[in-house]
Visitor: 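Could you have a look at this structure, given as structure tokens, before my questions?
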Amino acid sequence: MVLNATYFVCITPAYGKESDMAVVFDSSTYLHANKIDAARTTFDELSAPATVEFDPGRNISAVMESWDFGHANMFRASMTANRMTRTRENIARGPAGVVALAVHEYGTGRFEQHGRQQFVHPGDLMIVDLDSPYVLDWPTRGRSRAIHVPYDLIGITREDFAHVARYLESNPLYDITRRHIIELNINRDHEISDNSSHELGEATVSLTRALVTAGLIDQPQAQDPYAALIPRIQAHIRDRLHDPSLTEDLLADHYGFTTHELKKRACEQGFDIDQWILAERLTAVRAELLESTQPPDARIARRWGFADKQHLEHAFANTYGMSIQQWWEIRDED
């Protein structure tokens with residue numbers, strides 16, 4: 001196991017002025033013999049107490065940062081070689097009273113709670129009841145960011161939690177919540193005023209409450225777990241259309257699959273990733289050219305992820321049966 005980085009947003013009472021994001025722990029400032037104990041102690045103080053196991057054969061690295069905004073706190077923890085277990089003893093020692101929502105950035109983790117096991121891939125949204133036992137294991141390099149929201153602010157019981165967690169991937173607010181967590185940028189806290197910080201915290205709580213409310217509605221039975229992967233891949237593609245390196249290979253690596261595995265999963269859902277990337281790029285090009293007084297050029301090609309104008313022209317002609325220049329010239333005709 002190696003690096004695991006997690007962002008936590010803890011909804012807490014606000015006392016006085018919100019503090020800036022600060023590094024509250026950096027293992028590089030400790031002697032090797034003291035790093036593990038210091039990391040465990042800091043993690044217990046800033047997050048829910050847990051049993052954190054490190055690979056004794058590796059030099060650990062841990063960095064933890066904290067940022068208050070309104071009633072919320074963002075806690076970022078980066079740790080190497082760990083298996084995190086929240087036991088009943090941990091819970092008795094420090095009940096959290098919160099639900100965590102985490103989005104994983106890279107690496108594939110293994111999570112188990114309430115008898116349900118799952119692999120957590122990059123881009124996945126995961127929900128955790130911090131006052132019930134769980135195990136989170138990172139066998140490879142991993143990073144995630146999460147928000148912590150108290151039960152009493154979102155009106156969820158532990159019985160409700162099990163239902164919301166089981167059908168999380170089919171929740172209609174799954175992707176908007178995931179994107180909100182991703183966009184909570186801990187590095188820009190100094191740009192936000194106190195009033196804005198408070199409103200951001202309130203918005204985060206409200207969105208979490210909306211996700212839970214939507215999740216309490218009966219969801220479809222026994223979905224294919226990979227069906228929910230496709231909308232996340234599609235959203236990822238739309239965000240990266242400008243990147244010419246966006247390929248099946250890159251997506252497979254990002255989501256913790258081999259290229260063959262990802263292609264197989266996508267085909268099972270009737271989805272051709274490479275063709276979808278091309279179609280989205282061409283749709284974006286057409287939309288821009290409809291409003292443009294300038295003919296197609298290399299700049300618009302590169303703006304939408306094509307290597308050059310020739311690459312765009314070839315893809316356009318193969319798809320639409322005419323050159324892009326011809327299409328642009330007749331684009332306003334009925």
Visitor: Where do A214 and P172 come nearest, in terms of heavy atoms and distance?
Guide: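 Answer, listing the atom of A214 first, then P172: CB-CG, 4.1 Å.
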Visitor: Judged by atom type as modelled, is there a donor-acceptor pair below 3.5 Å linking the side chain of E280 to the main-chain atoms of R238?
Guide: no
Visitor: Give a yes or no on whether F119 and Y167 share a hydrophobic cluster (residues Ile, Leu, Val, Met, Phe, Trp, Tyr; joining criterion: side-chain heavy atoms under 4.5 Å apart).
Guide: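 Result: no, two separate clusters.
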Visitor: Under the 3.5 angstrom rule, does the side chain of D297 hit a backbone N or O of I300 as a donor-acceptor pair?
Guide: yes
Visitor: Just wondering, are more than 12 heavy atoms of other shown residues or ligands nearer than 6.0 Å to CZ in R299?
Guide: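 Not buried by this count: 12 neighbours or fewer within 6.0 Å.
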Visitor: Do H180 and I147 pass the side chain to side chain contact (heavy atoms under 4.5 Å, CB included) test, and can you show the C-alpha distance, the side-chain angles, and the key distance before you say yes or no?
Guide: CA-CA 10 Å; H180 177 73; I147 59 173; 5.5 Å; no
Visitor: If the condition is ring-ring contact (aromatic ring centres under 6.0 Å, His included), which residues does H314 pass it with, not counting sequence neighbours?
Guide: none
Visitor: In this structure, would M126 and Y134 fall into the same cluster of hydrophobic residues linked by side-chain contacts under 4.5 Å?
Guide: yes
Visitor: Thinking salt bridges, do R93 and E89 make one under a 4.0 Å N-O criterion?
Guide: no
Visitor: Quick check for you: to the nearest 0.5 Å, what is the distance between I277 atom CD1 and L282 atom CG?
Guide: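 Rounded to the nearest 0.5 Å, the CD1-CG separation comes to 12.0 Å.
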Visitor: What's the shortest heavy-atom distance between R88 and P133, and which atoms?
Guide: CG-CG, 3.7 Å
Visitor: Which atom names give the shortest non-hydrogen contact between L289 and P296, and what distance separates them?
Guide: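 Looking at all heavy atoms of both residues, the closest pair is CD1-CG, 3.9 Å.
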Visitor: For the pair T85 (side chain) and T87 (backbone), establish whether a donor and an acceptor sit closer than 3.5 Å, ignoring hydrogens and angles.
Guide: no
Visitor: Sequence neighbours excluded, which residues qualify as ring-ring contact (aromatic ring centres under 6.0 Å, His included) partners of F161?
Guide: H114
Visitor: If I compare all heavy atoms of A165 with all of R116, which pair ends up nearest, and what's the gap?
Guide: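 Distance-wise, the nearest heavy atoms are O-NH1, 3.7 Å.
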Visitor: Tell me whether R110 contacts the main-chain N or O of Q117 through its side chain, where contact means a donor paired with an acceptor under 3.5 Å.
Guide: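 No, the answer is negative, given that no donor and acceptor are paired below the 3.5 Å cut-off.
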Visitor: Within the 4.5 Å heavy-atom criterion, are Y320 and W327 side-chain neighbours or not?
Guide: no
Visitor: How long is the span from the CG atom in D239 to the CG atom in L246, to the nearest 0.5 Å?
Guide: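 If we round to the nearest 0.5 Å, D239:CG and L246:CG are 10.0 Å apart.
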Visitor: Listed by chain and number, what are the side-chain hydrogen bond (donor to acceptor under 3.5 Å, both in side chains) partners of D249, not counting sequence neighbours?
Guide: T259
Visitor: Give, for atom NE2 of H242 and atom CZ of R240, the distance between the pair rounded to the nearest 0.5 Å.
Guide: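 It is 6.0 Å, given to the nearest 0.5 Å.
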Visitor: Indicate yes or no: at least one non-hydrogen side-chain atom of I127 is less than 4.5 angstrom from one of L125.
Guide: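 With C-beta onward as the side chain, the pair stays apart.
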Visitor: Under 3.5 Å, side chain of D137 to main-chain N/O of R83, donor-acceptor pair present?
Guide: no
Visitor: Do K264 and F257 come close enough that some side-chain heavy atom pair is under 4.5 Å?
Guide: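 The answer is no; the side chains never approach within 4.5 Å.
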Visitor: Working to the nearest 0.5 angstrom, can you tell me the gap between I156 CD1 and R209 CZ?
Guide: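 Spacing of CD1 (I156) from CZ (R209) equals 12.0 Å.
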Visitor: Go through the steps to decide whether V212 and D160 satisfy the test side chain to side chain contact (heavy atoms under 4.5 Å, CB included), and finish with yes or no.
Guide: CA-CA 9 Å; V212 168; D160 292 338; 5.7 Å; no
Visitor: Would a 4.5 Å heavy-atom cut-off, applied to side chains only, mark L211 and I154 as touching?
Guide: no
Visitor: Is D124 paired with R178 through a side-chain N to carboxylate O contact shorter than 4.0 Å?
Guide: no
Visitor: More than 12 non-hydrogen atoms from neighbouring residues, nucleotides or ligands closer than 6.0 Å to CZ on R303, yes or no?
Guide: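 Atom CZ in R303 is crowded, with more than 12 foreign heavy atoms closer than 6.0 Å.
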Visitor: Using the rule given for side chain to side chain donor-acceptor pair (under 3.5 Å), can you reason through N195 versus S193, listing the C-alpha separation, both sets of side-chain angles and the distance that settles it, and then say yes or no?
Guide: CA-CA 5 Å; N195 287 341; S193 68; 5.5 Å; no
Visitor: Please confirm whether the backbone N or O of A315 pairs with a side-chain atom of T319, one donor and one acceptor, at under 3.5 Å?
Guide: yes
Visitor: Show the numbers, then the answer: is there a side chain to side chain contact (heavy atoms under 4.5 Å, CB included) between N171 and T177?
Guide: CA-CA 10 Å; N171 191 301; T177 305; over 6 Å; no
Visitor: Just do the side chain to side chain contact (heavy atoms under 4.5 Å, CB included) check on I233 and W276 with the steps written out, would you?
Guide: CA-CA 10 Å; I233 291 176; W276 204 81; over 6 Å; no
Visitor: When rounded to the nearest 0.5 angstrom, what distance separates CG in L101 from CG in L207?
Guide: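 That separation rounds to 8.5 Å.
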Visitor: With a 4.5 Å cut-off on side-chain heavy atoms, are T204 and I181 touching?
Guide: no
Visitor: Using a cut-off of 6.0 Å, state whether more than 12 heavy atoms not belonging to Q325 lie near its atom CD.
Guide: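 Count over threshold, so yes.
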Visitor: Any side-chain heavy-atom pair from L173 and T213 closer than 4.5 angstrom?
Guide: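 When only atoms from C-beta onward are counted, T213 and L173 do not touch, as no gap falls below 4.5 Å.
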Visitor: Is there a chain of hydrophobic side chains (I, L, V, M, F, W, Y, each step under 4.5 Å between heavy atoms) that links F25 to L31?
Guide: no
Visitor: Ignoring hydrogens and angles, tell me if any N or O in the side chain of R281 forms a donor-acceptor pair with the backbone of L241 under 3.5 Å.
Guide: yes
Visitor: How long is the gap from CZ on F306 to CG on L312, to the nearest 0.5 Å?
Guide: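 If I round to the nearest 0.5 Å, the distance is 5.0 Å.
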Visitor: If hydrophobic clusters are built by linking Ile, Leu, Val, Met, Phe, Trp and Tyr wherever their side-chain heavy atoms come under 4.5 Å apart, do I91 and V99 end up in the same one?
Guide: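 Hydrophobic grouping puts I91 apart from V99.
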Visitor: Does atom CD1 (I176) have a neighbourhood of more than 12 heavy atoms from anything else shown, all under 6.0 Å?
Guide: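 Open.
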Visitor: Just by modelled atom types, is the S132 backbone N or O under 3.5 Å from a matching donor or acceptor in the Q113 side chain?
Guide: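 Indeed, once roles are kept as given, a pair shorter than 3.5 Å links the two residues.
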Visitor: Do the non-hydrogen side-chain atoms of Y174 and L168 ever get within less than 4.5 Å of each other?
Guide: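 Yes, side chains in contact.
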